[in-house]
Every structure is written in C-alpha cells, then in structure tokens.
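Reviewing the structure listed below.
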Protein chains: 2
Amino acid sequence: MVSVSPCPHGYPGEACIVCKVRHISVCAALSATELSALDELAQHVRFSQRETIFLQGADADWVYNITGGVARLYTLLPDGRRQIVGFALPGDFLGLAMGKTHPFGADAIEQVSACRFSRTAFSLLIDRKPHLLRRLHEFATHELSLAQDQMTLLGRRTAEEKVIMFLLGMRERWTRLGSASVTVHLPMSRQDMADFLGLSLETVSRTLNRLAREKVIILVPDGVRITDLERLIRPVAA
Amino acid sequence: MVSVSPCPHGYPGEACIVCKVRHISVCAALSATELSALDELAQHVRFSQRETIFLQGADADWVYNITGGVARLYTLLPDGRRQIVGFALPGDFLGLAMGKTHPFGADAIEQVSACRFSRTAFSLLIDRKPHLLRRLHEFATHELSLAQDQMTLLGRRTAEEKVIMFLLGMRERWTRLGSASVTVHLPMSRQDMADFLGLSLETVSRTLNRLAREKVIILVPDGVRITDLERLIRPVAA
DNA sequence: CGTCGCTTTGAGGTCCTTCAACCATGGTGG
DNA sequence: CCACCATGGTTGAAGGACCTCAAAGCGACG
C-alpha cells in the first residue's frame with residue numbers, strides 16, 4: 001500500500017531544501033524561498049515493489065517527482081501486449097503534460113519514493129513561475145529527444161544493438177546521478193527489458209548471456225558489470 | 001534552392017494576421033498586437049520538393065512554423081539506416097527544444113512553405129511571453145505523447161497494424177487541418193513510410209496492395225481512398 | 001524441502017527481410 | 001514523336017532474425 005507522509009525528513013518546511021534530487025529535478029528552477037512554498041504543496045509518498053503508481057487512462061490527480069527507486073512507464077494494448085516507454089529514475093518528473101488523464105501507466109520496480117503535488121495546484125504554480133515552466137519545458141523536450149532516439153532503436157536496430165544500447169543508456173543515466181560504477185544497476189526483469197526494446201524476453205536473455213560468454217559483460221544480481229567497454233560499444237559505434 | 005521573402009502576402013506587417021495556420025500553430029497564443037511584433041521577426045521561406053530544410057546535428061539557427069506542404073523528420077545511423085521520427089504538416093513547429101543543434105534532420109517531401117524565426121530572437125520572445133511558452137510546452141508534450149504511441153507501434157505492432165495505424169493517423173491529422181475527405185493525402189514514398197514504421201519498403205507495398213485487393217482501400221496517386229473504414233479499424237481496434 | 005517466480009536454454013516455426021526481376025510513369029532529347 | 005532512361009512501385013522466391021513453445025535450472029522464502 002502507498003504510504004503518505006507530509007514531512008518525510010522530520011524537518012517541517014525544509015524537506016525540499018534537503019532533498020537529494022533537488023538540483024537535478026524540476027525543482028532546481030526554484031529559489032530557496034520558492035522551495036519552502038513548494039513544501040506546502042508537497043506530499044512524500046512511497047510505493048512498494050510492484051505497486052501501481054497510476055494506471056494508463058486514469059485521472060491525473062497528482063504529478064510526481066521521483067526521489068528514489070525505479071519505476072516503469074508503459075502502454076498496454078487490449079490484447080495484453082505491452083510497450084515500456086521509459087524507466088523513471090530519481091530526478092525524473094511524471095506528469096509533464098499536465099493533462100487530465102495519464103497517457104501511460106506507471107508502477108514501481110523497486111521500492112519508489114516520490115514527491116507528489118496536486119496537478120491543479122502545480123498547474124497554478126506554473127502559471128505564476130515562468131522559470132518553472134521553462135524548466136518543465138526543458139524536461140519535456142529532453143524526454144522527446146530520448147523518445148525519438150528510442151524510436152530509432154525500435155525501428156532500425158538489431159536485437160544485439162538494442163540490448164547494448166540499453167546497457168549503455170542505463171549506465172549513462174546512473175553515472176549522471178552520481179552513482180558511477182562499473183556495475184550497472186538493472187532492477188527490472190528480462191520481460192521489462194524486452195517490452196522496452198521490442199523483443200521477447202528469451203531474446204534478451206540469450207543476448208545478455210552471449211555477451212557474458214564473450215566476456216564483454218558479467219551478469220550479476222540486479223545488474224551487469226561491464227568488463228570490456230570498447231567491445232561493447234563497437235557494434236553501436238557512431 | 002530555398003526562396004526567402006520577408007513579406008509573402010504583400011501586406012507589410014499583416015502576414016501573420018492573414019496566416020492560414022495561425023489558429024492551429026504556436027502563434028495562436030498571441031494577441032493581434034503581439035502578432036504584428038512577431039511579423040518583424042518572421043521570414044517566409046519556401047523549400048522545393050526533396051530540398052533539405054536542415055541536417056541532423058547542424059546548428060539550429062532558425063526555428064520553423066510549417067505553413068504548407070509536408071516535411072519528413074529523420075535520424076540517420078552511420079551505416080545509412082534511417083528512422084523517420086515524424087512527418088511535419090501545416091501548423092507544426094520545428095525546433096521545440098530550442099537547442100543549439102537539431103537532433104534530427106528535416107527535408108521537404110512536397111514543396112514546403114514555412115515561417116522561420118531566428119532561434120535566439122524567438123528564445124528571447126519566449127522569455128517575455130509566458131503564454132507563448134505554455135503553448136510551446138503543450139506542443140512539446142503533444143509530440144511526446146505521439147512519440148510514445150509510435151514507440152508502442154514500432155515495438156509491439158505487426159506490419160499490417162503498423163500500416164493501418166499510419167493510414168488512420170494521417171487521415172486524422174488531415175481531418176483536423178480541415179481538409180476532411182475520404183482520400184488520405186500521402187505525398188511520401190513507400191520508403192518513407194517504411195522508415196517511419198520500421199519496415200522494409202516491400203512489406204509496406206505488399207500490405208497496402210493486400211488491403212486494396214481486399215477492397216478496404218483504393219490506391220490512388222499520392223494517397224489512398226478508404227472504402228471500408230470499419231474493416232480497416234478492426235485489426236487495430238481498442 | 002517443496003513451491004513460486006524468474007531466468008536460461010533448446011527446438012521448431014514464422015513473419016518479415018533481402019535479393020532480384022519486372023512494371024508504370026514521366027521527363028528528355030535525338 | 002517516341003525511344004530512352006530515371007525513378008518509384010510491385011511482385012516473387014528464398015533465407016534469416018527473432019518469436020513461440022517447452023522444459024529445465026536456480027534462488028528465495030516459507
């Protein structure tokens with residue numbers, strides 16, 4: 001069950017100030033005084049593993065700032081086919097479109113912490129803070145650019161290229177979050193990767209194991225270690 | 001060669017007012033007085049068939065408002081594989097990200113008319129007009145939503161579903177532009193459709209001809225006539 | 001220690017691609 | 001005027017990359 005607390009850190013009115021993802025999230029657009037105003041609107045919530053954050057098509061009562069954990073964002077076809085349109089990491093914002101309903105569903109892969117705001121209240125805040133809107137727009141165009149890259153991957157890359165680019169993409173995202181390491185944290189299942197890459201889970205598994213057999217990576221629980229970055233990059237090199 | 005004229009309609013300072021796509025483009029956010037200010041910044045340009053509008057990775061000196069014709073937006077892989085990330089129709093805006101370089105290339109399929117603005121000047125205008133930024137943001141999130149739909153199509157749809165959804169999608173876009181008709185205008189080549197749908201041109205051709213043989217559509221020059229909308233929708237129905 | 005969820009691995013099949021030839025159209029110049 | 005060629009579209013045959021179906025392996029957990 002989702003747990004809600006208005007003041008997660010125990011410092012009333014200062015939660016945003018001490019937030020670990022503040023400078024990489026949309027909130028970075030705000031000054032210290034604006035932040036404490038934002039605190040008034042914020043609710044800190046947690047979702048346990050596999051819990052639904054919101055369903056595709058549901059009313060978008062809240063918008064979310066992910067502060068911890070990884071969520072999957074996906075669309076479902078009526079016959080059950082699924083496309084994961086993205087993985088949300090700490091710092092990511094859910095609800096960029098500020099629309100009445102969610103165009104995709106989201107659920108927690110690991111335990112997820114998030115800061116949530118009433119959509120209507122946040123929308124009003126945006127109208128008063130153009131620099132926040134500009135920041136939101138930057139996030140949206142960044143997402144659009146990623147989506148277009150993913151379209152190229154889905155439409156024109158081979159299975160091996162897809163898997164490799166996924167590994168490199170996740171590596172880069174974790175690196176930018178400061179948790180640089182040779183081990184790439186991958187909390188999602190093979191099925192999740194497959195639904196992100198437009199493959200079957202068996203093809204993902206086979207490809208990862210082939211790369212491991214060729215000593216380019218090592219499979220570890222919840223991730224991979226990249227042992228030969230050169231050879232990993234080669235098949236997808238610019 | 002691209003032809004430039006500051007005043008395409010012959011009414012100095014009023015080009016925007018009489019613009020046919022004004023109320024559907026980003027400009028709809030502006031008042032009449034703001035529009036005449038925009039005229040100062042605007043240059044009307046034309047691109048002939050097959051002409052490049054800008055290259056992937058090139059400096060984004062200009063942003064564009066498409067006023068007529070159809071352009072293809074695409075990314076290229078080093079080995080020549082191409083993914084068309086979208087078709088730009090009248091009313092569409094190119095340069096939403098306002099970034100220093102274009103993340104994708106664009107060229108004219110038919111003769112294209114466009115209104116262009118210096119990126120830096122337009123960026124400054126945005127800073128002074130929050131409602132224009134909001135409009136830009138709406139365009140960006142709409143594009144993002146389309147891109148995510150396209151990811152689902154590319155990753156999880158069959159060839160037949162891809163082609164049908166393409167036809168229905170183009171039909172809807174033309175309808176929204178007011179040129180409703182049973183004939184869907186498709187100025188792009190089979191290769192363009194294939195690179196948009198993640199298929200080979202032969203598969204696109206075969207699928208279209210099978211639909212024609214089954215009397216669901218009729219192939220006409222530069223488009224199709226939909227003769228049995230019910231049966232066309234059935235395979236992709238929600 | 002048995003069960004459950006996820007992953008791995010194998011065998012066989014299929015949807016789509018590739019390669020290739022042919023066809024339609026339209027512009028060009030002898 | 002029409003052979004000629006260029007461009008884009010259609011159609012066929014064969015092959016392959018990936019999928020589906022199936023079974024077995026492997027922790028984790030009660």
Side-chain angles (χ1 to χ4, degrees), chain A residues 48-51 70 72 77 79-84 107-110 153-167 186-214 217-224 235, chain B residues 48-51 70 72 77 79-84 107-110 153-167 186-214 217-224 235:
Chain A
S48 45
Q49 210 171 12
R50 268 176 249 125
E51 193 177 357
V70 177
R72 60 174 171 242
L77 298 184
D79 61 3
R81 282 176 291 178
R82 184 179 68 157
Q83 177 68 39
I84 291 187
D107 37 46
I109 291 176
E110 304 170 298
L153 180 143
L154 289 166
R156 286 294 177 239
R157 294 284 192 176
T158 66
E160 186 184 52
E161 290 174 324
K162 286 177 175 182
V163 170
I164 291 176
M165 295 204 73
F166 171 65
L167 297 180
L186 303 172
M188 65 291 290
S189 68
R190 299 285 182 260
Q191 182 67 67
D192 287 339
M193 298 180 199
D195 286 345
F196 184 57
L197 300 175
L199 297 171
S200 68
L201 72 95
E202 293 92 334
T203 297
V204 171
S205 178
R206 273 187 254 270
T207 306
L208 285 172
N209 284 290
R210 177 153 27 86
L211 291 172
R213 215 173 308 122
E214 291 166 0
I217 60 172
I218 297 173
L219 295 177
V220 298
D222 292 324
V224 300
Chain B
S48 44
Q49 210 170 13
R50 269 176 247 125
E51 193 177 357
V70 176
R72 59 174 172 241
L77 298 183
D79 61 2
R81 282 175 290 178
R82 184 179 66 158
Q83 177 69 39
I84 291 186
D107 38 45
I109 291 175
E110 304 170 298
L153 180 143
L154 289 167
R156 287 294 177 238
R157 294 285 194 176
T158 66
E160 186 185 54
E161 289 175 324
K162 286 177 175 182
V163 170
I164 291 175
M165 295 204 74
F166 170 66
L167 297 180
L186 303 172
M188 66 290 291
S189 68
R190 298 287 183 259
Q191 182 67 65
D192 288 338
M193 298 180 198
D195 286 345
F196 183 56
L197 300 175
L199 297 170
S200 67
L201 71 92
E202 293 92 333
T203 298
V204 171
S205 178
R206 273 186 254 269
T207 306
L208 284 173
N209 282 291
R210 177 155 26 87
L211 290 172
R213 216 172 306 121
E214 290 166 0
I217 60 173
I218 298 173
L219 296 176
V220 297
D222 292 324
V224 301

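Residue numbering restarts at 1 for every chain, and letters A, B, ... go by the order of the sequence lines. Here the structure is a predicted model, which is why all the values come from computation and not from measurement.
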Subject >> chain B contact limits on DNA chain C, taken 5' to 3' with a cut-off of 4.0 angstrom to heavy atoms >> reply: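 Endpoints of the contacted stretch of DNA chain C: dC16(C) to dA20(C).
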**OP:** For Arg156(B), check salt bridge (charged side-chain N to carboxylate O under 4.0 Å, His left out) against everything at least two apart and list the hits.
**Re:**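 Arg156(B) satisfies salt bridge (charged side-chain N to carboxylate O under 4.0 Å, His left out) with Asp195(A) once adjacent residues are dropped.
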**OP:** Would you mind building the protein contact string for nucleotides 9-17 of chain D? One character per nucleotide, 5' to 3', B for base within reach (heavy atoms under 4.0 Å), S for sugar-phosphate only, - for untouched.
**Re:** SBBBB----
**OP:** Quick one, give me the B/S/- string for nucleotides 25-30 of chain D, reading 5' to 3', where B means a protein heavy atom under 4.0 Å from the base and S means that only happens at the primed atoms, P, OP1 or OP2.
**Re:** ------
Taking the side chain as every heavy atom from C-beta outward, state whether [X] and [Y] have any atom pair closer than 4.5 Å.
X         : Y         : value
Val224(B) : Leu211(B) : no
Arg82(A)  : Gln191(A) : yes
Leu186(A) : Phe166(A) : yes

Original post:
Less than 4.0 Å between a side-chain N and a carboxylate O, is that true for Asp107(B) and Arg50(B)?
Top reply: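 Asp107(B) and Arg50(B): not salt-bridged.
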Subject >> Check ion pair Glu161(B)-Arg81(A) (N to O, under 4.0 angstrom) >> reply: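 A salt bridge is present here (some side-chain N lies under 4.0 Å from a carboxylate O).
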**OP:** List for me each residue that meets side chain to side chain donor-acceptor pair (under 3.5 Å) alongside Asp222(B), sequence neighbours excluded, and say none if there are none.
**Re:**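 In terms of side chain to side chain donor-acceptor pair (under 3.5 Å), with neighbours along the sequence ignored, Asp222(B) is linked to no residue.
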Original post:
With sequence neighbours left out, what residues match Thr207(A) under side chain to side chain donor-acceptor pair (under 3.5 Å)?
Top reply: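 Once residues adjacent in sequence are excluded, Thr207(A) has no partner under the side chain to side chain donor-acceptor pair (under 3.5 Å) criterion.
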Original post:
Which atom names give the shortest non-hydrogen contact between Phe196(B) and Ile84(B), and what distance separates them?
Top reply: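 The answer is CD1-O, 3.1 Å.
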Original post:
With distance as the sole criterion, is a donor-acceptor pair present between the side chains of Ser48(A) and Glu51(A) under 3.5 Å?
Top reply: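 Yes.
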